[in-house]
Number of protein chains: 2
Amino acid sequence: MSKPGQHVISRLRQMILSGELESGQRLAEIPTAEQLGVSRTPVRIAFRTLEQEGLLTKLSGRGYRVRRVTQAEISGSIEVRGVLEGLAARQAAENTLSKAQTNELRELLKQGDDLFAKGNINEQDLAIYHDMNQRFHQIIIEASLNPAIAEALSRNEHLPFASVSALAFDRNNLTQEYRRFNFAHMHHHAVFDAIHNGQGSRAEAIMREHANATLGYAKTFSQKEENGEKVHVIQSK
Amino acid sequence: MSKPGQHVISRLRQMILSGELESGQRLAEIPTAEQLGVSRTPVRIAFRTLEQEGLLTKLSGRGYRVRRVTQAEISGSIEVRGVLEGLAARQAAENTLSKAQTNELRELLKQGDDLFAKGNINEQDLAIYHDMNQRFHQIIIEASLNPAIAEALSRNEHLPFASVSALAFDRNNLTQEYRRFNFAHMHHHAVFDAIHNGQGSRAEAIMREHANATLGYAKTFSQKEENGEKVHVIQSK
DNA sequence: AATATAAATATTGGATCCAATTTATGCATA
DNA sequence: TATGCATAAATTGGATCCAATATTTATATT
């Protein structure tokens with residue numbers, strides 16, 4: 001699929017994730033096609049694709065609606081992520097990490113350490129942390145040699161806390177955020193240690209708690225948003 | 001989506017799952033549209049939908065191919081199912097089963113018991129077991145009150161052993177199959193007991209092993225198929 | 001026989017049109 | 001004012017056509 005088809009999918013996805021298309025908002029083929037300056041055909045395809053990605057919900061006879069995500073859904077997705085990444089860590093420990101993977105994980109851990117060594121953290125640091133965090137998790141999933149894990153995780157792809165591709169933080173309290181992400185990074189050290197030493201159960205337990213540790217923050221941030229406070233989300237493309 | 005659009009998706013899905021469209025086979029829009037007696041439009045939509053379901057793989061410039069499923073993929077998927085259904089059982093234990101759910105699970109357990117009380121099992125029994133099994137698992141997932149679990153499980157929907165919607169058995173050795181499914185059904189009893197008594201960790205461990213217990217059978221059956229022996233699969237629609 | 005090039009064929013993506021269905025609006029009546 | 005009916009508008013699903021691209025086949029050359 002070449003332009004503008006893939007372009008329409010990406011564009012709409014971006015508009016949903018950025019909040020430009022608000023949750024609950026209705027989308028129909030003809031107005032959307034006009035807005036994006038294409039015919040209905042790629043829009044039709046895009047709608048169905050994004051529906052299958054879980055970003056849109058089909059209405060009967062009236063287009064689609066941007067899916068509202070409830071707090072309970074986010075919590076449930078965090079738990080699912082916990083067991084899936086826990087399984088990935090276990091399987092990574094049961095396999096042998098390649099030399100390249102080991103080296104890259106070590107490098108990523110060092111990157112994180114350098115960020116926290118300063119004693120404080122700013123938004124730029126968090127963007128760096130975000131990339132490091134994402135890559136760290138990715139390598140572990142790759143090291144599991146189990147494609148079904150990535151598949152199963154794909155439905156969480158765009159939810160803060162439930163996915164490493166979306167990192168939420170409170171810009172107004174960077175001290176707390178420093179402590180939170182430092183704690184998460186210590187988990188990274190621990191899980192690497194467990195994997196490296198072939199300790200499958202330990203790796204799984206750490207990784208699972210690594211995800212579950214975000215449950216409380218997810219609730220807190222959800223309440224902040226309900227109170228009209230702005231929570232910043234760094235989103236991977 | 002009304003006919004023939006939904007019809008095309010279902011029809012193609014059925015043709016893939018039944019083996020009528022063999023794994024590795026190439027599909028293109030125009031011949032498929034002719035074969036099904038529709039225009040290309042619903043076929044195009046169907047292809048993309050089934051691609052997202054994981055049943056087709058897109059080729060560049062030459063249509064789609066029915067995806068081959070490797071033994072490693074099945075094994076990996078069984079493990080994923082284990083952790084997801086384990087989580088579901090844990091969360092069901094942490095919630096309180098409704099009276100209706102409790103009664104229905106009891107009824108399903110009794111149905112299974114009646115099947116095995118005969119001391120042997122035939123294909124008709126297995127079809128009944130299949131329905132009972134599927135519903136049993138479904139109720140537990142519902143009782144978890146976590147929609148993300150069903151979402152994450154959806155990618156396994158069509159793989160024998162990795163999903164309760166596809167049940168594989170060896171018609172030529174029904175004694176062994178009797179023992180195997182009886183064992184599985186004892187797991188059902190145990191996990192119900194754990195859930196009913198609010199024992200989350202126990203429920204999770206049982207359910208996880210319930211899935212993992214199929215790993216060996218998946219390998220055995222895969223080898224039988226490679227040897228040209230026919231394995232029968234009961235598939236839900 | 002092997003290689004390169006040109007022509008033919010297959011295929012996809014997008015645009016446009018038509019028909020069917022659903023929803024919204026306007027008007028008439030009680 | 002509320003309700004029902006008719007009409008208009010909105011919307012989707014499918015069919016068809018066109019253009020671009022990729023692949024295959026045929027032909028020419030070495």
Side-chain angles (χ1 to χ4, degrees), chain A residues 1-17 19-68 154 157 237, chain B residues 1-17 19-68 154 157 237:
Chain A
M1 187 182 289
S2 62
K3 295 187 188 184
Q6 188 62 42
H7 173 74
V8 170
I9 296 179
S10 306
R11 180 87 181 88
L12 284 176
R13 192 188 285 121
Q14 173 64 21
M15 287 162 77
I16 292 170
L17 296 180
E20 186 177 340
L21 294 175
E22 301 188 331
S23 68
Q25 184 171 342
R26 190 177 73 88
L27 302 181
E29 287 176 11
I30 295 177
T32 305
E34 283 171 7
Q35 186 182 348
L36 297 178
V38 294
S39 79
R40 285 172 51 214
T41 310
V43 171
R44 191 183 314 184
I45 303 274
F47 279 359
R48 283 167 174 74
T49 300
L50 295 174
E51 183 195 12
Q52 275 190 292
E53 291 185 12
L55 294 177
L56 296 180
T57 302
K58 192 174 191 319
L59 305 171
S60 47
R62 222 67 189 130
Y64 289 75
R65 170 164 285 151
V66 179
R67 192 162 74 99
R68 298 184 206 271
S154 65
E157 205 48 40
K237 57 162 217 88
Chain B
M1 185 181 288
S2 63
K3 295 188 188 184
Q6 188 61 45
H7 173 74
V8 170
I9 296 181
S10 306
R11 181 86 180 89
L12 283 175
R13 191 187 286 122
Q14 173 63 23
M15 288 162 78
I16 292 171
L17 296 181
E20 187 178 339
L21 294 176
E22 300 187 330
S23 69
Q25 185 171 338
R26 192 176 71 86
L27 302 181
E29 288 177 7
I30 297 177
T32 304
E34 283 172 5
Q35 188 182 347
L36 298 179
V38 294
S39 80
R40 285 172 50 216
T41 310
V43 171
R44 190 184 312 185
I45 302 274
F47 279 179
R48 282 167 174 76
T49 299
L50 296 172
E51 183 195 11
Q52 274 190 290
E53 290 184 12
L55 294 178
L56 296 179
T57 303
K58 192 174 194 314
L59 305 170
S60 46
R62 222 78 186 118
Y64 289 76
R65 170 166 283 146
V66 179
R67 192 163 76 96
R68 299 183 206 272
S154 65
E157 204 49 41
K237 55 162 219 87

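In what follows, every heavy atom counts, from backbone to side chain, and hydrogens, waters and symmetry copies are set aside. Below, read A as the first sequence line, B as the second, and so on, with proteins coming before strands; counting in each chain starts at 1.
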Below 3.5 Å between N/O atoms, which protein atoms pair up with nucleotides 17-25 of chain D? Just atom names and distances, please.
from   : atom 1 : to    : atom 2 : distance (Å)
D:dT23 : O3'    : B:R62 : NE     : 3.4

Would you mind telling me which of D:dG13, C:dT12, D:dT12 lies closest to the side-chain atoms of A:R48? D:dG13
Under 4.0 Å: is that the gap between some side-chain N or O of B:S39 and OP1 or OP2 of D:dG14? no
Nearest whole Å is fine: how far is D:dG14 C1' from B:H7 NE2? 14 Å
With a 4.5 Å limit on heavy-atom distance, are the side chains of B:H7 and B:L36 in contact? no
Whole angstrom value for the distance that separates C1' of D:dT11 from CD of A:Q35: 17 Å
Quick one: which of A:T49, A:L17, A:L21 gives a side-chain contact (heavy atoms from CB on, under 4.5 Å) with A:L55? A:L17
Distance, rounded to the nearest Å, where B:F47 contributes CZ and D:dG14 contributes P: 15 Å
Distance test, side-chain N/O of B:K58 to OP1/OP2 of C:dG13, below 4.0 Å: yes
Flag, side chain of B:R67 to backbone of B:G54, donor-acceptor distance under 3.5 Å: yes
Considering residues at least two apart in sequence or located in another chain, which fulfil the side-chain hydrogen bond (donor to acceptor under 3.5 Å, both in side chains) criterion with A:R11? none
Counting heavy atoms from C-beta on, name the nucleotide in D:dT16, D:dT11, C:dG13 closest to the side chain of B:E29. C:dG13
Hey, does A:L56 have a side-chain heavy atom less than 4.5 Å from the side chain of A:I16? yes
Can you work out whether B:T41 or B:A28 has the more 5'-proximal nearest nucleotide on DNA chain C? B:A28
Would you mind reporting whether A:L50 and A:R13 have side-chain heavy atoms less than 4.5 Å apart? yes
What is the distance, to the nearest angstrom, from the CD1 atom on A:I30 to the P atom on D:dT12? 7 Å
Taking CG from A:L56 and P from D:dT12, how many angstroms apart are they, rounded to a whole number? 12 Å
